Amino acid sequence: MAATLQTREVQLEDPLAHLPCSMILEYGKGQIIYSPEELSTSFYLVIDGKVKVCRMLDDRHQVMVDIYRTDEFFGETAFLDSHLRDEQAVALEDTKLMSWTTSEIEDIATRRPRLTIALLQILAQRSIDFGHRIESFSADTIARRLARALVRFSERMGQRNAENGPVQMMPITHELLSQYVGTSREIITLYMNQFRREGYLDYSRKKGILVYGDALRDWLRQQAA
């Protein structure tokens with residue numbers, strides 16, 4: 001009799017079920033939370049606001065790792081040796097955080113092993129996401145990378161104005177998009193104008209960016225074909 005393989009749905013652990021509340025830290029828009037020059041020894045949770053985390057390259061250019069919003073963790077590089085920490089975290093708006101030092105995390109994990117599982121699940125998912133980005137960098141054109149970034153940010157941090165309507169994205173500059181996509185701000189502006197002419201998005205200083213996500217996904221599928 002052939003063996004039957006069964007897949008088991010993994011139950012995701014909530015780190016907050018195992019972490020005590022900490023003192024609330026407040027950062028103003030543009031304030032640096034940590035950097036290669038000001039190393040962090042803590043793991044952070046966004047309570048309110050948004051945080052940009054970037055890799056700092058040798059030429060001082062930045063590559064944006066991601067934008068973290070309410071109820072998302074960041075700062076896992078605090079567990080690495082200091083010479084491996086080339087990250088900078090900056091508040092994109094007025095932001096409130098909780099934080100736990102690495103020694104506190106280690107102590108809590110010793111007493112509550114499920115916290116370790118929760119943190120490993122977060123890191124595993126981020127590893128998968130970064131793998132997809134690396135694939136995109138090697139296989140996609142800049143236009144496709146930008147389209148994927150717009151779809152991703154609109155899904156994670158956007159608000160749909162009406163059923164089947166466009167998604168109102170969080171305010172995000174062409175400079176930030178260039179750091180995420182891996183190109184210059186001028187090229188991002190070029191493709192943003194192209195997408196606007198073709199009806200995939202609309203934007204202005206007053207209303208921000210409106211993304212027609214379904215249309216952009218269709219465009220990506222057509223490009224892949």
Side-chain angles (χ1 to χ4, degrees), residues 12 29-30 44-55 62-74 89-97 122 124-225:
L12 294 180
K29 180 179 179 180
Y44 297 90
L45 172 69
V46 181
I47 301 299
D48 187 38
K50 294 181 180 65
V51 173
K52 176 187 78 168
V53 173
C54 286
R55 300 282 187 196
Q62 299 181 12
V63 175
M64 187 164 74
V65 174
D66 214 338
I67 294 173
Y68 298 100
R69 57 177 178 164
T70 301
D71 292 337
E72 291 185 336
F73 291 90
F74 69 96
V90 179
L92 288 178
E93 56 192 43
D94 290 346
T95 297
K96 295 180 181 179
L97 306 173
I122 290 174
Q125 183 59 60
R126 289 185 182 174
S127 178
I128 292 171
D129 292 341
F130 292 149
H132 291 160
R133 280 185 69 187
I134 291 171
E135 291 173 8
S136 179
F137 271 92
S138 63
D140 281 342
T141 63
I142 292 174
R144 291 206 298 267
R145 296 207 303 267
L146 174 59
R148 293 187 195 283
L150 291 169
V151 169
R152 182 173 186 272
F153 286 132
S154 65
E155 288 175 344
R156 291 183 66 235
M157 289 173 266
Q159 181 176 359
R160 191 177 292 276
N161 293 331
E163 187 176 356
N164 299 322
V167 173
Q168 177 77 54
M169 266 183 59
M170 58 164 282
I172 185 167
T173 65
H174 291 190
E175 181 66 28
L176 280 180
L177 286 170
S178 73
Q179 293 172 6
Y180 188 80
V181 170
T183 187
S184 68
R185 179 183 57 79
E186 291 78 11
I187 291 177
I188 290 296
T189 299
L190 176 69
Y191 283 116
M192 289 289 284
N193 288 334
Q194 177 181 319
F195 285 154
R196 179 165 58 181
R197 288 194 302 270
E198 295 173 353
Y200 297 115
L201 56 83
D202 193 12
Y203 65 89
S204 67
R205 290 183 180 275
K206 183 176 181 180
K207 61 186 176 184
I209 303 175
L210 294 174
V211 177
Y212 293 84
D214 293 339
L216 261 184
R217 291 185 197 91
D218 287 341
W219 180 83
L220 282 166
R221 283 191 288 268
Q222 293 167 8
Q223 292 290 308

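All heavy atoms count here, side chains included; hydrogens, waters and symmetry mates do not. As the structure is a prediction and not an experimental result, all values here were calculated from the model. Position 1 is the first residue of the sequence, and the numbers go up from there.
With rounding to the nearest 0.5 Å, the separation of CG in Asp71 from CG in Asp48 is 10.0 Å. A distance of 8.0 Å separates CZ of Arg196 from CG of Leu201, quoted to the nearest 0.5 Å. In this structure, the separation between NE2 on His132 and CZ on Arg148 is 10.0 Å, given to the nearest 0.5 Å. Gln159 CD to Met157 CE: the interatomic distance, rounded to the nearest 0.5 Å, is 14.0 Å. Taken from CD1 in Ile122 to CZ in Phe74, the straight-line distance is 12.5 Å, to the nearest 0.5 Å.
What you find for Val167 and Ser154 is that their closest heavy atoms are CG1-O, 3.5 Å. Heavy atoms only, all atoms of each residue included: Gln179 and Cys54 are closest at OE1-SG, 3.6 Å. In this structure, Ile172 and Leu177 approach most closely via the heavy-atom pair CD1-CD2, 3.9 Å. Between Ala147 and Trp219, the shortest heavy-atom contact is CB-CZ3, 3.7 Å. Heavy atoms only, all atoms of each residue included: Arg145 and Ser136 are closest at CG-OG, 3.4 Å. Here the closest non-hydrogen pair linking Ala89 and Val53 is CB-CG2, 4.1 Å.
Looking at Arg156 and Asp66, a side-chain N of the basic residue comes within less than 4.0 Å of a carboxylate O on the acidic one, giving a salt bridge. Salt bridge Asp214/Arg217: present, at least one basic N to carboxylate O contact under 4.0 Å.
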Step by step, would you call Leu176 with Leu92 a side-chain contact (heavy atoms from CB on, under 4.5 Å)?
CA-CA 10 Å; Leu176 280 180; Leu92 288 178; 4.0 Å; yes
Hey, mind stepping through Leu210 and Gln168 against side-chain contact (heavy atoms from CB on, under 4.5 Å) and telling me if it holds?
CA-CA 5 Å; Leu210 294 174; Gln168 177 77 54; 3.2 Å; yes
I would like to know whether Ile128 and Gln125 meet side-chain contact (heavy atoms from CB on, under 4.5 Å); could you show each step before the answer?
CA-CA 5 Å; Ile128 292 171; Gln125 183 59 60; 4.3 Å; yes
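A donor-acceptor distance shorter than 3.5 angstrom exists from the side chain of Thr95 to the backbone of Lys50, with no hydrogens or angles considered. Checked by atom type and distance alone, the side chain of Ser127 never pairs as donor or acceptor with a backbone atom of Ala124 at under 3.5 Å.
Contact of the Val51 side chain with the Ile67 side chain is not registered, since no non-hydrogen atoms from C-beta on lie closer than 4.5 Å. Counting heavy atoms from C-beta outward, Met170 and Arg69 have side chains that stay 4.5 Å or more apart.
Across Ile188, Thr189, Leu190, a single residue satisfies side chain to side chain contact (heavy atoms under 4.5 Å, CB included) together with Met192, and that is Ile188.
Classified by interplanar angle (parallel below 30°, tilted 30° to 60°, perpendicular above 60°), the ring pair Phe195/Tyr200 is perpendicular. Classified by interplanar angle (parallel below 30°, tilted 30° to 60°, perpendicular above 60°), the ring pair Tyr203/His174 is perpendicular.
Shown here is Glu186, whose CD atom has more than 12 heavy atoms of other residues, nucleotides or ligands within 6.0 Å.
With a 6.0 Å cutoff to the six-membered ring centre and a 45° limit on the axis angle, Arg133 counts as a cation-pi contact of Tyr180.
With hydrogens and angles left out, the side-chain atoms of Asp218 and Gln222 include no donor and acceptor closer than 3.5 Å.
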